[in-house]
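Keep in mind the model is a prediction, meaning the values are calculated, not measured. Scope of the values below: all heavy atoms of this structure, side chains included, with no hydrogens, waters or symmetry mates. Here, residue 1 is the first one in the sequence, and each next residue gets the next number.
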Amino acid sequence: MAVFNRTPSDPSTFILMGIPGLEAAHIWISIPFSMFYLIGLLGNFTVLFVVGKEQTLHKPMYLLLCMLAVSDIGMSTSTVPNTLCIFWFNLKSITVGGCLTQTFFLHTIYTMHSAVLMTMAFDRYVAICNPLRYATILSNTRIANLGLVGLIRAVLLILPMPVLLSKLPFCANRIIPHTYCDHIAVAKTSCGDITVNRMYGLVIVFLVIGLDLTLIVLSYGLIIRAVLRISSKKAHEKALNTCTAHICVVLISYISVLFTTLTHRFGQGIAPHVHIILANLYVLLPPMLNPIIYGVKIKELRDKVGKYICRM
């Protein structure tokens, strides 16, 4: 236990405080946190298992769904176990290397998550606007290649973050008022100028969220235009129904991360504990809700999951 009881002045560690002002309630807060995390793991692993087992689901849309599930598992697992250790065992110390590694993986996985959502919007655009060419434009191999490009983009964009953080001079009192090592939260513990870190963080927000969200909106604009040209009301409903699940997932993912990112930089009037709770919800809610949304809205997936539940 000596390893975990180092003082905040230890130059080789940071101290994660959890949720400032709500330390006495950490145990109670851990209950919904752990439930959300476990439900998210169960839902996403179920999606991966069912799609992997069923040959009829080996299609581009379900391959994208598996990519989304993997990114959801990675995003929550990169932070929640550490958060629960703070809540349950008061293990607040984290090494500098561990903190920078967590920063890198968290932001890389979210950037990859955003790329998957963008690709899913393109998938829906092709399925509705060019259905006869769908199999030619989007094969499983092409989806896998797009996923690889998204991963490379994420690594290249996020790698400078921990590098820039490692070059900062940190104060003797290395206390981070957070439950995990977010890029800006770590930078704020520095005694030096963090203007470059702030600017690079905003550049990433515009390059990733701004670009991806713009392309998603553009895709749905083209989809709506194509749907309005269809005369049959039933065909309208069928086309839009295939997009409903993805729209819900996009809203949950981007609203939460945008609110968290912007309040971290410009929301000085927001109470610290409110900000930290919201920052945790953005790594908990999307991974928990995404498999539920897709399970409810996609009949083929719902039927296959039901089949395995009945067998059990």
- Query: Are V47 and L68 close enough, and set up right, to give a side chain to side chain contact (heavy atoms under 4.5 Å, CB included), and what steps lead you there?
  - Reply: CA-CA 10 Å; V47 169; L68 188 70; over 6 Å; no

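- Residues L213 and V250 meet the side-chain proximity criterion, which asks for heavy atoms closer than 4.5 Å.
- At a threshold of 4.5 Å between side-chain heavy atoms, the hydrophobic network of Ile, Leu, Val, Met, Phe, Trp and Tyr places F122 and L211 in one connected group.
- Under a 3.5 Å cut-off, the side chain of E23 and the backbone N or O of G21 do form a donor-acceptor pair.
- Annotation: side chain to side chain donor-acceptor pair (under 3.5 Å) contacts of W88 (sequence neighbours excluded): S30.
- When all heavy atoms of I216 and A121 are compared, the pair lying nearest together is CG1-CB, 3.9 Å.
- Taking 4.0 Å as the cut-off between side-chain N and carboxylate O, K59 and E300 count as a salt-bridged pair.
- Residues M120 and R124 fail the side-chain proximity criterion, which asks for heavy atoms closer than 4.5 Å.
- With a 4.5 Å cut-off on side-chain heavy atoms, Y37 and T77 count as touching.
- A donor-acceptor contact shorter than 3.5 Å is absent between the side chain of N82 and the backbone of S78.
- Inter-residue side-chain proximity for I252 and I293 is flagged as met; some heavy-atom pair is nearer than 4.5 Å.
- Atom NZ of K167 has 12 or fewer heavy atoms from other residues, nucleotides or ligands within 6.0 Å.
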- Item | R133/V126 under side chain to side chain contact (heavy atoms under 4.5 Å, CB included): CA gap, chis, key distance, verdict | CA-CA 8 Å; R133 297 181 58 203; V126 176; 5.8 Å; no

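- Between the SG atom of C243 and the CD1 atom of I224 there is a distance of 8.5 Å, given to the nearest 0.5 Å.
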- Query: Stepwise, does the side chain to side chain contact (heavy atoms under 4.5 Å, CB included) test hold for L138 with I143?
  - Reply: CA-CA 6 Å; L138 289 178; I143 290 294; 3.9 Å; yes

- Item | Test side chain to side chain contact (heavy atoms under 4.5 Å, CB included) applied to I277 and L22, step by step | CA-CA 10 Å; I277 289 173; L22 295 178; 3.9 Å; yes

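- Nearest heavy atom pair, residue C171 against residue R174, reads O-CG, 3.1 Å.
- Ring geometry, Y308 versus F49: the interplanar angle exceeds 60°, so the pair is classed perpendicular (tilted spans 30 to 60°).
- Two residues are said to be in side-chain contact when any heavy atoms from C-beta on lie closer than 4.5 Å; L57 and L65 fail this criterion.
- I204 and V155 fall within a single hydrophobic cluster, where Ile, Leu, Val, Met, Phe, Trp and Tyr side chains are chained together by heavy-atom contacts under 4.5 Å.
- One distance of note links CG of N280 with NE2 of H275; it measures 9.5 Å at 0.5 Å rounding.
- Counting only heavy atoms from C-beta outward, the side chains of Y200 and M161 approach each other to under 4.5 Å.
- H178 contributes no side-chain N or O that, together with a main-chain N or O of L16, makes up a donor-acceptor pair within less than 3.5 Å.
- Here the side chains of F170 and V186 are in contact, with some heavy-atom distance below 4.5 Å.
- Here the straight-line distance linking atom CG of L64 with atom CG of D123 works out to 5.5 Å at 0.5 Å rounding.
- Separating the CD1 atom in I176 from the NZ atom in K188 is a distance of 12.0 Å, to the nearest 0.5 Å.
- Minimum interatomic distance between P81 and S76 (heavy atoms only, all atoms of both residues): CD-O, 3.8 Å.
- When atom types are taken as modelled, the side chain of S114 and the backbone of I209 share no donor-acceptor pair closer than 3.5 angstrom.
- By the 30° and 60° cut-offs, the orientation of the rings of H113 relative to Y110 is parallel.
- Between the CE atom of M67 and the CG atom of D72 there is a distance of 13.5 Å, given to the nearest 0.5 Å.
- Contact between T136 and R142 at its shortest, heavy atoms only, is O-NH1, 3.6 Å.
- Between K299 and D303 there is a salt bridge, with a side-chain nitrogen of the basic residue lying less than 4.0 Å from a carboxylate oxygen of the acidic one.
- Residues F206 and L156 are members of separate hydrophobic clusters, defined by side-chain heavy-atom contacts under 4.5 angstrom among Ile, Leu, Val, Met, Phe, Trp and Tyr.
- Other residues, nucleotides and ligands place no more than 12 heavy atoms under 6.0 Å from the CZ atom of F105.
- Placement of I31 and L42 in two distinct hydrophobic clusters is found when ILVMFWY residues are connected by side-chain heavy-atom separations under 4.5 Å, directly or transitively.
- Nearest heavy-atom pair across I223 and C129 is CA-SG, 4.0 Å.
- The main-chain N or O of H58 is found under 3.5 Å from a side-chain atom of N140 such that the two form a donor-acceptor pair.
- L38 and F36 are assigned to two separate hydrophobic clusters, defined by single-linkage of ILVMFWY side chains at heavy-atom distances under 4.5 Å.
- With M118 as reference, L215 is the one residue of V208, L146, L215 to meet the side chain to side chain contact (heavy atoms under 4.5 Å, CB included) rule.
- When every heavy atom of I109 is checked against every heavy atom of S71, the shortest pair comes out as CG2-O, 3.2 Å.
- Rounded to the nearest 0.5 Å, atoms OG1 (T103) and CG (D182) are 7.0 Å apart.
- The shortest side-chain heavy-atom distance between L41 and I73 falls under the 4.5 Å cut-off.
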